[in-house]
Amino acid sequence: MANRPFDLELAAFTLDPNDREPSMSRIVAKYLDIELSEEELTPALLATLAGKLEEVLTKELKDKGLWTVYHDTELALVPVLARIESAGVQLDVAYLKTLSTKLHAELLTLEEEIYGLSGERFNIQSPKQLQTILFEKLGLTTGKKTKTGHSTNVQVLTELANHHPLPGKILEYRHLAKLLSTYIDTLPKQVDSKGRVHTTYNQTIASTGRLSSTDPNLQNIPIRTDIGRKIRQAFIPMEGCVFLAADYSQIELRLLAHFSKDPNLLEAFRTNEDIHTRTATLIFDKAADLVTPDERRIAKTVNFGVVYGMGPFKLATDLHISMKEAKSFIDAYFARYAEVSALMQSFETTARDEGYLTTILGRKKTFPGLSSKNRVVYEATKREAMNYPLQSSAADIIKRAMITLDEALREGRYTSRIVLQVHDELVLEVPRAETEAVTHLVVEHMQNAVQLEVPLTVSVGIGDSWMAAH
DNA sequence: CCCATCACG
DNA sequence: ACGTACGTGATGGGG
Ligand SMILES: [Mg+2]
């Protein structure tokens, strides 16, 4: 491995990813046991402490078995991220401008319709003013949700839309306003002279070890609605290139199979079955070809819910079924995937009794909330613990893939480069002539980043926009 | 500055 | 009686 300079921020994060505010003052106190304020820690003083900090944190990393993940993954990822950020990604600004004009016109129409239905003009974007219109003036009811008043969120408005035409219009308005203000009208302001946007990937924010993306966030670009997909079409490769998008299929559920060794889950992934249909056959006790689309949809929600520690309440409200039914589905899931049930319990007990959990690459995180006597805090932390090894190991895996893929691209003298990472997906800008070779390279490095009990599979698409590459 | 909301995996 | 699915970031309202 290359000789890399010490990185205090990454070292401190690897040692304690829970620390939300790792200021120099806190780090110096924590590792050198010296109490000094940020002001007292002058550059000159910090310079004198630097060597000692490196020595102490290095020893700590090695003692805790964290040196490898720190050095070979986190530190090795730094230049890879630097290249991604520096490359940026091209936007079709003219197209976004056209889209903006069209959608602003629609927004204006919606606005007038909303005022008409409300009988007055008000700030639609103010939840407070909207509450007054919906719940006082129109007397609509949900009885549900309060914090600082009645909630007007999408769940509530969707329910209210069955009783009055206004909430549906508000939902349409919100959807357009969100996409316009966050993406369509904002991204064009952030392009460089070549029409490319450059995000910043933060390596020390998400306690699971995931990356986060800011300024602009390129990890939450819309895709779930028609208009959202139009925004994805604005992400385009430079002249002479195509986009190659490669994403892991159900990586967290495969990790669930790997860690639990549940026979049903292993079998499903080893035979490359449709996992949601497989779960449906198990919880509804019927053959795969008899599973209805509705049953598959329920099974899909259960599959994803389980890795978040979802309970019957959430499942019932999301699927519009009774608590009793929801509980029966979850019970059936854990009965048929018995080793998953055992694994989830072991995550809780290990996190509580050993104090921490470990990922596939040896990343660690503690769960202080499991010492709480407050049931809500305890249960919330238990859910974090149940999700952590899966989400965090998935983050480990794509990081390894990025490091070795980047190296292979450079070693092979390719022009292709990674331009985006979205948790389980990589997007590359690929000269047309390199398409075939780089497709193989990307798949190879992603699928073989680690070896699991089940295959890691990657789906790849190529296209003239991010949307088209999916 | 916090809250509510909603965009993504 | 309470609270109820993990991890993020950006926006607009309102104090
Ligand atoms: Mg995927």
Side-chain angles (χ1 to χ4, degrees), chain A residues 17-18 20 122-131 145-157 170-171 173-187 190 199-202 204-225 227-229 231-232 247-253 256 301-319 323 326-327 330 344 347 365 367 374-392 394-395 398 420-426 466:
Chain A
N18 290 322
R20 306 292 305 183
F122 66 104
N123 187 344
I124 303 164
Q125 308 217 74
S126 163
K128 194 155 172 264
Q129 294 179 40
L130 184 59
Q131 279 170 39
K145 292 215 164 185
T146 50
K147 274 295 194 306
T148 57
H150 296 276
S151 173
T152 66
N153 71 20
V154 64
Q155 287 81 21
V156 169
L157 293 186
I170 304 281
L171 284 170
Y173 178 94
R174 283 231 180 114
H175 182 232
L176 280 183
K178 179 78 169 189
L179 299 189
L180 280 165
S181 69
T182 309
Y183 308 100
I184 300 167
D185 288 338
T186 307
L187 288 171
Q190 313 198 34
T199 188
T200 299
Y201 286 107
N202 203 314
T204 59
I205 293 290
S207 66
T208 56
R210 271 191 177 182
L211 300 178
S212 79
S213 160
T214 56
D215 195 27
N217 182 355
L218 296 184
Q219 291 183 320
N220 73 344
I221 301 302
I223 192 169
R224 292 174 189 172
T225 65
I227 303 169
R229 289 188 276 275
I231 295 172
R232 245 173 220 235
D247 77 290
Y248 285 109
S249 302
Q250 283 123 17
I251 187 169
E252 291 188 12
L253 290 176
L256 184 62
T301 304
V302 175
N303 274 335
F304 287 124
V306 159
V307 305
Y308 301 142
M310 181 170 58
F313 176 87
K314 179 68 174 165
L315 188 64
T317 54
D318 276 17
L319 294 177
M323 282 278 276
K327 185 171 184 308
I330 292 171
M344 289 298 162
F347 284 164
K365 178 169 129 80
F367 297 86
N374 180 320
R375 203 193 91 213
V376 176
V377 172
Y378 183 95
E379 292 294 327
T381 310
K382 182 172 96 181
R383 293 192 298 271
E384 277 178 41
M386 294 193 303
N387 179 254
Y388 170 76
L390 306 174
Q391 183 180 126
S392 194
I398 197 166
L420 292 168
Q421 189 257 38
V422 191
H423 308 305
D424 71 344
E425 173 184 12
L426 297 178
W466 190 3

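Residue numbers begin at 1 in each chain, while the letters A, B, ... track the order of the sequences.
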Would you mind classifying the nucleic acid contact of A/Val154 as base, sugar-phosphate or nothing, using non-hydrogen atoms under 4.0 angstrom? sugar-phosphate
Is there a donor-acceptor contact under 3.5 Å from the side chain of A/Thr199 to the main chain of A/Thr214? yes
Please give, in whole Å, the distance from C/dT4 C1' to A/Tyr378 OH? 16 Å
Side chain of A/Arg210: nearest nucleotide among C/dG3, B/dC8, C/dG7? C/dG7
What's the separation between atom CG in A/Leu426 and atom CG in A/Asp247, rounded to the nearest 0.5 Å? 9.5 Å
When rounded to the nearest 0.5 angstrom, what distance separates OG1 in A/Thr152 from CZ in A/Arg174? 4.0 Å
Phosphate contact (B/dC6 OP1 or OP2) by A/Arg174 side-chain N/O below 4.0 Å: yes
Which is true for A/Ile223 with a 4.0 Å heavy-atom rule: it touches a base, it touches only sugar-phosphate, or it touches nothing? sugar-phosphate
Rounded to the nearest angstrom, tell me the gap between atom CG in A/Asp247 and atom P in B/dC8. 15 Å
Over-ring placement of A/Lys382 relative to A/Tyr378, 6.0 Å and 45° cut-offs: no
Please report the distance separating the P of B/dC3 from the corresponding atom of C/dT4, rounded so that it comes out in whole Å. 15 Å
Would you mind reading off the distance between A/His175 atom NE2 and B/dC6 atom P, rounded to a whole angstrom? 11 Å
For A/Tyr388, the option from A/Phe347, A/Phe367, A/Tyr308 that meets ring pair (Phe, Tyr, Trp, His ring centres under 6.0 Å): A/Phe367
If you only use heavy atoms from C-beta on, which nucleotide in C/dT4, B/dG9, C/dG7 is closest to the side chain of A/Glu384? C/dG7
How long is the line joining CG of A/Asn153 and P of B/dC3, in whole Å? 17 Å
Rounding to an integer number of Å, can you tell me how far A/Ile227 CD1 sits from B/dA7 P? 10 Å
Whole angstrom value for the distance that separates C1' of B/dG9 from CG of A/Leu426: 13 Å
Are A/Asn123 and A/Lys128 close enough, and set up right, to give a side-chain contact (heavy atoms from CB on, under 4.5 Å), and what steps lead you there? CA-CA 9 Å; A/Asn123 187 344; A/Lys128 194 155 172 264; over 6 Å; no
Just N and O in the side chain of A/Arg383: are any of them under 4.0 Å from OP1 or OP2 of C/dC6? yes
Rounded interatomic separation in angstrom, taking CG from A/Leu218 and P from B/dC8: 14 Å
Does a donor on one side chain and an acceptor on the other come within less than 3.5 Å for A/Asn202 and A/Thr204? yes
P-based separation of C/dC2 from B/dC6 [nearest Å]: 25 Å
By nearest atom, which of the nucleotides C/dA5, C/dT8, B/dC8 is closest to the A/Ala206 side chain? C/dT8
Taking N and O atoms by type only, does the side chain of A/Gln391 place a donor or acceptor under 3.5 Å from a partner on the base of C/dC6? yes
Would you mind classifying the nucleic acid contact of A/Ser392 as base, sugar-phosphate or nothing, using non-hydrogen atoms under 4.0 angstrom? nothing
Go ahead and write out DNA chain C as dot-bracket, 5' to 3': ( ) for pairs within the strand, [ ] for ones crossing earlier pairs, | when the partner sits on another strand, dots for unpaired; Watson-Crick or G-U wobble, both distances under 3.5 Å. .....|||||||||.
Would you please test A/Thr225 and A/Leu179 for side-chain contact (heavy atoms from CB on, under 4.5 Å) and show each step? CA-CA 10 Å; A/Thr225 65; A/Leu179 299 189; 4.3 Å; yes
Heavy-atom contacts, protein to nucleotides 9-15 of chain C, under 4.0 Å, summarised as B (base), S (sugar-phosphate only) or - (none) per nt, yield SBSSSSS
What is the separation between atom CD1 on A/Ile251 and atom C1' on C/dC6, rounded to the nearest whole Å? 16 Å
Distance col, row A/Gln391:CD vs A/Met386:CE, nearest 0.5 angstrom, shows 13.5 Å
Counting just side-chain N and O atoms, does A/Arg224 come under 4.0 Å of either OP1 or OP2 of B/dG9? yes
Between atom OH of A/Tyr173 and atom CG of A/Leu130, what is the distance when rounded to the nearest 0.5 Å? 11.0 Å
